[in-house]
S.K.: 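Here it is: the structure, laid out below.
What's counted below: heavy atoms across the whole structure, side chains too, no hydrogens, waters or symmetry copies. Since we're looking at a predicted model, the values are computed, not measured. Positions are given from 1, in the same order as the sequence printed here.
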Amino acid sequence: MTRSITVLGSTGSIGVQTLDVARMHHIKVVALTANQRIDILEKQAREFQPALVAVRDAQAAAQLKIALADTDITVLSGEEGILTAARYETADTVVNAIVGVAGLLPTLEAVSAGKQLALANKETLVAGGVVVKEAIRQHGVKLYPVDSEHSAIFQCLQGCPEGALKKVILTASGGAFYGKTRQELANVTVQQALTHPNWSMGAKITIDSATLMNKGLEVIEASWLFDVPDEKIDVLVHRESIIHSMIQLQDNSVIAQLGVADMRIPIQYALTYPERCPSPVKELDLSEIATLTFGKPDTDTFECLAICREALRRGGLLPTVANAANEAAVQLFLEGKISFLQIPALVGQAVGQFDGNNSTVTLENILAADHETRQKILS
């Protein structure tokens, strides 16, 4: 079992649940990071007594340093503080629960330091799949997926012979607006979009679920994680969120991973692999669920999924562009500056108009394409 972890983004939903798992299994927490939520971070630091905490916002870090002055905990700030935590020497595994492409550099820092990676930050592979996979190969580290869908696929693949996989089937809840028409979506509010039927998540990922962008990002991530092309990745709407994903084998057998909608299962599996340990999650009672339903995603109404598939097929820097455009558009929507339907419109426009896809996919070019795309949308 993993005995020593760093949690990047410890005050968010995944970070908090990671610490639930660490608490139950007496896993040592050596470093924590957050953006600004120092009230929560202080409580976490006092309970788990990490050697280091880092806060991206310098002013918040200064306040936390004062608050923790009676402890021996080192408080760092800024991007370099986050990177220091990502490579902190006494951790054997880094849980990356940072939201958005901001998680890319910490991922690379952790990998270059030889850390095993429990990855909840899908944008790392969406935007930087080429460089991340190469870094993992060079440093010989393991990457364990934390997203419930990718963890499900990873679990289903255990014991699967080489060459037996025919396709990956990602399940989707459908988000807050499943079954709605474009006309019905024209005037939806931020609060309506933040109401997810099954999962309790942060604002950005909940909006992504409502637009189906989250599933598009997961298609790209699955392609990198499991080395499968777009045409071998299906998406199936499953409103109950009981089957977290499936694989189909060459003989057309389908293997599924089921469980209650609780992220602590995939988090724990990433931290304790290959062991199966008791968890804080309640048992699944299928007789109580009674019915499982399935349907096809409506990609005409929810265009983000189709846009992400196009970006994956065309490759290059287009997945980076799609992700950056979406992060910027979601920010504008949450601020009340654009409508819900303008999110896919801006993402599609960014992908369609990007003219730098002949560039080599390097970290420098990824960061440049990300910055350029955001600036165009936010300006």
Side-chain angles (χ1 to χ4, degrees), residues 9 11-14 35-37 56-57 97-104 120-123 126-127 147 172-221 235 237 297-311 318-354 369-379:
T11 61
S13 176
I14 297 297
N35 278 340
Q36 290 182 314
R37 301 172 71 182
R56 189 176 295 274
D57 181 83
I98 293 173
V99 176
V101 80
L104 175 57
N121 171 256
K122 62 177 62 67
E123 293 87 355
V126 171
D147 271 352
S173 71
F177 303 129
Y178 178 68
K180 301 291 187 183
T181 64
R182 288 186 64 84
Q183 184 177 0
E184 290 173 313
L185 294 176
N187 297 308
V188 299
T189 67
V190 170
Q191 193 55 48
Q192 288 172 323
L194 287 173
T195 306
H196 194 280
N198 301 323
W199 296 93
S200 175
M201 306 178 292
K204 193 265 182 184
I205 192 173
T206 305
I207 300 301
D208 284 352
S209 179
T211 63
L212 285 194
M213 183 71 185
N214 193 50
K215 208 52 50 179
L217 298 177
E218 287 175 4
V219 168
I220 299 172
E221 184 182 12
V235 173
V237 176
D298 177 3
T299 53
D300 291 329
T301 301
F302 299 91
E303 300 169 280
C304 285
L305 175 56
I307 294 168
C308 285
R309 284 191 176 278
E310 178 190 355
L318 284 177
T320 302
V321 171
N323 179 72
N326 178 67
E327 288 191 22
V330 169
Q331 177 185 331
L332 293 176
F333 175 68
L334 289 171
E335 293 172 352
K337 296 177 179 177
I338 63 171
S339 70
F340 182 78
L341 288 178
Q342 283 179 281
I343 298 174
L346 288 170
V347 176
Q349 184 180 51
V351 169
Q353 294 180 352
F354 183 67
D370 177 86
H371 177 74
E372 178 186 339
T373 301
R374 289 170 192 273
Q375 290 300 108
K376 284 182 179 179
I377 289 177
L378 293 174
S379 61

S.K.: NZ/Lys204 to CG/Asn214 distance, rounded to the nearest 0.5 angstrom?
M.R.: 7.0 Å
S.K.: For Ile98 versus Gly103, what's the shortest heavy-atom pair and its separation?
M.R.: CG2-N, 3.7 Å
S.K.: Are the side chain of Ser209 and the backbone N or O of Ile205 linked by a donor-acceptor pair below 3.5 Å?
M.R.: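 No; judged by distance alone, with no hydrogens or angles, the pair does not exist.
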S.K.: With a 3.5 Å distance limit and no angle check, can you tell me whether Asn121 reaches the backbone of Gly100 through a side-chain donor-acceptor pair?
M.R.: yes
S.K.: Closest approach of Pro319 and Ile220, non-hydrogen atoms and distance?
M.R.: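 So the two residues come closest at CB-CD1, 4.1 Å.
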S.K.: Can you confirm whether Arg309 sits close enough to Val235 that some side-chain heavy atom of one is under 4.5 Å from a side-chain heavy atom of the other?
M.R.: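 Yes; the side chains approach each other to less than 4.5 Å.
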S.K.: With heavy-atom distances below 4.5 Å as the criterion, would you say the side chains of Ile207 and Leu194 are in contact?
M.R.: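 The answer is yes; the side chains approach within 4.5 Å.
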S.K.: Surrounding CD of Gln183 (heavy atoms of other residues, nucleotides or ligands, distance under 6.0 Å), is the total greater than 12?
M.R.: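 No - once you tally the heavy atoms of other residues, nucleotides and ligands closer than 6.0 Å, there are 12 at most.
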S.K.: Write down the atom of Phe340, the atom of Ala210, and the distance for their closest heavy-atom approach.
M.R.: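 Heavy atoms of Phe340 and Ala210 come nearest at CZ-O, 3.6 Å.
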S.K.: Does Pro297 reach the side chain of Leu305, with side-chain heavy atoms less than 4.5 Å apart?
M.R.: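 They are in side-chain contact.
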S.K.: Looking at every heavy atom in both Val101 and Glu123, which two are closest together, and how far apart are they?
M.R.: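 It is N-CB, 3.8 Å.
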S.K.: Do you know the tightest heavy-atom contact between Ile377 and Ala328?
M.R.: CG2-CB, 3.8 Å
S.K.: Please determine whether side-chain contact (heavy atoms from CB on, under 4.5 Å) holds for the pair Cys308 and Val219, giving the CA-CA distance in whole Å, both sets of side-chain angles, and the decisive distance to 0.1 Å.
M.R.: CA-CA 8 Å; Cys308 285; Val219 168; 5.9 Å; no
S.K.: Quick one, Asn326 and Ile343 - any side-chain contact, counting heavy atoms below 4.5 Å?
M.R.: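 In short, these two side chains touch, coming nearer than 4.5 Å.
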S.K.: For the residue pair Thr206 and Ala193, what are the closest heavy atoms and their distance?
M.R.: CG2-O, 3.6 Å
S.K.: CD of Glu184 to CZ of Phe177: how many Å apart, nearest 0.5 Å?
M.R.: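 These two atoms lie 10.5 Å from each other.
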S.K.: Just how far is it from atom CG of Leu346 to atom NZ of Lys376, taken to the nearest 0.5 Å?
M.R.: 12.5 Å
S.K.: So how far is it from Lys215 NZ to Glu221 CD, rounded to the nearest 0.5 Å?
M.R.: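 Here the interatomic distance stands at 10.5 Å.
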S.K.: Can you find a side-chain donor-acceptor pair between Asn323 and Lys122 that sits under 3.5 Å?
M.R.: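 No, Lys122 and Asn323 have no side-chain donor paired with an acceptor closer than 3.5 Å.
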S.K.: Would you indicate whether the side-chain heavy atoms of Gln331 and Arg374 approach each other to under 4.5 Å?
M.R.: no
S.K.: Measure the spacing between CD of Glu303 and CG of Asp298 and express it to the nearest 0.5 Å.
M.R.: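 It comes to 9.5 Å.
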S.K.: Report the distance from atom CG of Leu341 to atom OG1 of Thr301, rounding to the nearest 0.5 Å.
M.R.: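 Leu341 atom CG to Thr301 atom OG1 measures 9.0 Å (nearest 0.5 Å).
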S.K.: Any side-chain heavy-atom pair from Asp147 and Glu218 closer than 4.5 angstrom?
M.R.: yes
